[in-house]
Amino acid sequence: MLIAFFFTLKKHRVNGSVRELLDLINALKKQVIFANIDDFYHLAKLCLVKDETQFDKFDRAFAEYFEGVEAVDIFSKLQTQHQLPEAWLKKEFEKHLSQEEKDKIEALGGLDKLMKTLAERLKEQQKRHAGGNKWVGTGGTSPFGAYGYNPEGIRIGQDGNNHRRAVKVWDKRQFKNLDQDADISSRTMKLALKKLRKFARSGESDELDLNNTISATAKQGGMLDVKMKPERHNAVKVLMFFDIGGSMDDYIHTCEQLFSAAHSEFKHLEFFYFHNCLYENVWQDNKRRYSDVLDTLTIINRFASDYKVIFVGDATMGPYEIDYSGGSVEHWNEEPGRVWLERITQHFNNVVWLNPQPKQYWHYYPSIGIIEHLMEKRMFPLTLDGIGQAIKSLN
C-alpha cells in the first residue's frame, strides 16, 4: 500500500531507505496509530526522515501523495469536474482560532456546515475568481479562498495567510528554513557539524546500559542480568585555520557563526588565524598578531595526524602569494605558501578547505584553482550542503 508513497518521497529526495519503510509498516501493523491522517503524518515523518533538513521535502511529498494543495490545481479541475476530492475535504488541519472566531463559526452552523457550503459553492462556480464576497477565490471577503479576509474562512492554496484566521490551513509547511539550501545560521550549522561528532564517539564497554539491563532482568524472571555498553563521548579532534582580513572581511559574520557552532560542538578544538595563505607563522589573537605568533612547524609536530584539519578562507589572492618566496603581502616568507600547505596535507590524514566565496565565481580566480589542487580537490563551499560534503570527506 505504501510503495507509491515511498517512491513519492524518493522523487522529492527524502533520504529514507527501505529499512525505514519497513519500520513504518511494522508500526502500522502494531496499530501504533489507527485511521487518522494527522497521526499517520507524524508517524511517517518519525520513521522515514533521518535529518531535520529533510522536513520540508517530506512535507511537500506528503502533500503531493495525499492530494495536498501543491498537487491539485483546483481551478483547472473546475473545468472538468465541479467537486473537491473527498479525502482533501476530510483532512485534519491545524486551526488558528480565538474563542470569538469559534463562536462566529457556530453562529453559521458549525464547521461541518462551512465545509458543506464550500463544496456547494464549488459546484456553482465555473471559473477562477478574485475579490468579492461569495465565490471561492483570492483577495476578497468570502469565507473561502486566500489572501482575503473573513474570520470564518477556509484558505485554499497559496503560500501564506496574511490574516492567519483560516479555519483550516491547506498547505502549511514547517521547517522550510532547515533545508540544505537555506541561509546559514548558527542553528543550521550545528545541525551539519553534528554529523562529524556522530561518527567520532568511541570508548570501552564500561557504562551501564540501564534499559537493556531492566529488559534482560525481566526476561530472566527477575534474576539480575547486567548489560554494559560502550561509553559514548565526543572524541573528535579538530584544528581550524581561519583566513582573516582583506577580502575575508565580507564574510566575517558567516565565519563567526561557523566558529561559534564548532566551538560548542567539539570538545577538542584548536583554532588559528592566517592571512590569504598559510606561511611559517600563525596566531590566535588578532590584536597581537605581530608580536605573539606560533610557529606552523611546531603545530605540525605538536598535533597527531588523526586531527581533522579545516581551513576557512576565500582563497582569493595573487597566485604569487602561493607559489613564490617573498610572495606574502605582509612579510618576507622564506618558503612559498604551497610548501606549508603541502606539509599540512602530508602530515594530517584528513584536511578540507571551506570557501565562503560562492562556487559559481571560483573559476574567475586562478588562486582558488591552485589552492583546490593543493587540497587534492577537497575544497567545498561554505554552505550547509558544502559543510555536509566536507564532513563526509573528513570521515
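Position 1 is the first residue of the sequence; numbering continues from there.
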Engineer: Could you give the distance from CH2 (W353) to CD1 (I371), rounded to the nearest 0.5 Å?
Structural biologist: 4.5 Å
Engineer: Report whether V312 and F274 are members of the same hydrophobic cluster (ILVMFWY, side-chain heavy atoms less than 4.5 Å apart, transitive linking).
Structural biologist: no
Engineer: Start with the C-alpha gap between T345 and E342, add the side-chain angles, then the distance that decides, and say whether side chain to side chain donor-acceptor pair (under 3.5 Å) holds.
Structural biologist: CA-CA 5 Å; T345 57; E342 287 171 349; over 6 Å; no
Engineer: May I ask you to test the V309-F303 pair for a side-chain heavy-atom distance under 4.5 Å?
Structural biologist: no
Engineer: Under 3.5 Å, is there a donor-acceptor pair between the side chain of N26 and the main chain of L22?
Structural biologist: no
Engineer: For residues 316-324, tabulate all N or O donor-acceptor pairs below 3.5 Å that involve a side-chain atom, not counting sequence neighbours.
Structural biologist:
residue, atom, partner, partner atom, Å
T316, OG1, D314, O, 3.1
T316, OG1, Q357, NE2, 3.4
E321, OE1, N276, ND2, 2.7
E321, OE2, G318, N, 3.0
D323, OD1, R338, NE, 2.8
D323, OD1, R338, NH2, 2.9

Engineer: Checking S393 side chain against Q389 main chain: does a donor-acceptor pair fall under 3.5 Å?
Structural biologist: no
Engineer: Aromatic contact between F348 and Y307, with the criterion being ring centroids under 6.0 Å apart: yes or no?
Structural biologist: no
Engineer: Is Y273 linked to I252 within one hydrophobic cluster, defined over Ile, Leu, Val, Met, Phe, Trp and Tyr using a side-chain heavy-atom separation of less than 4.5 Å?
Structural biologist: no
Engineer: Give me the other members of the hydrophobic cluster that W332 sits in, counting Ile, Leu, Val, Met, Phe, Trp and Tyr linked by side-chain heavy atoms under 4.5 Å, directly or via other members.
Structural biologist: none
Engineer: Return yes if some donor-acceptor pair links the side-chain N/O of Q284 with the main-chain N/O of F271 below 3.5 Å, else return no.
Structural biologist: yes
Engineer: Counting distance only, does the side-chain N/O of S215 pair as donor-acceptor with the main-chain N or O of N211 below 3.5 Å?
Structural biologist: no
Engineer: For the atom pair CZ (F311) and CG (L354), what is the distance rounded to the nearest 0.5 Å?
Structural biologist: 11.5 Å
Engineer: Looking at CG of L278 and CG of L374, how far apart are the two atoms once the value is rounded to the nearest 0.5 Å?
Structural biologist: 11.0 Å
Engineer: Kindly give the cluster partners of Y279, where membership spreads through any ILVMFWY side chain lying under 4.5 Å from a current member.
Structural biologist: none
Engineer: For atom NE2 of H373, is the number of surrounding heavy atoms from other residues, nucleotides or ligands below 6.0 Å larger than 12?
Structural biologist: no
Engineer: Kindly assign one of parallel, tilted or perpendicular to the pair Y65 and F5, based on the angle between their ring planes and the thresholds 30° and 60°.
Structural biologist: tilted
Engineer: In the hydrophobic clustering that connects Ile, Leu, Val, Met, Phe, Trp and Tyr at side-chain heavy-atom distances below 4.5 Å, which members other than M248 occupy its cluster, ordered by chain and number?
Structural biologist: Y251
Engineer: Residues in ring pair (Phe, Tyr, Trp, His ring centres under 6.0 Å) with F58, at least two apart?
Structural biologist: Y41, F62
Engineer: Given the rule in the salt bridge (Lys or Arg N to Asp or Glu O under 4.0 Å) test, do R343 and E335 qualify, once you have shown the distances and angles that lead to the verdict?
Structural biologist: CA-CA 12 Å; R343 285 172 178 157; E335 295 180 293; 2.9 Å; yes
Engineer: Measuring from L239:CG to N350:CG, what's the distance to the nearest 0.5 Å?
Structural biologist: 11.5 Å
Engineer: Give a yes or no on whether the backbone of L224 and the side-chain of T217 come within a donor-acceptor separation of less than 3.5 Å.
Structural biologist: no
Engineer: With the 4.5 Å side-chain cut-off for hydrophobic clustering, are L9 and L2 part of the same group?
Structural biologist: yes
Engineer: When clusters are formed by joining ILVMFWY residues with side-chain heavy atoms under 4.5 Å apart, either directly or through shared neighbours, do F40 and L46 land in the same one?
Structural biologist: no
Engineer: Does atom NZ of K10 have more than 12 heavy-atom neighbours, drawn from other residues, nucleotides or ligands, at distances under 6.0 Å?
Structural biologist: yes
Engineer: Please identify each residue that fulfils salt bridge (charged side-chain N to carboxylate O under 4.0 Å, His left out) with E330, with sequence neighbours left out.
Structural biologist: R289
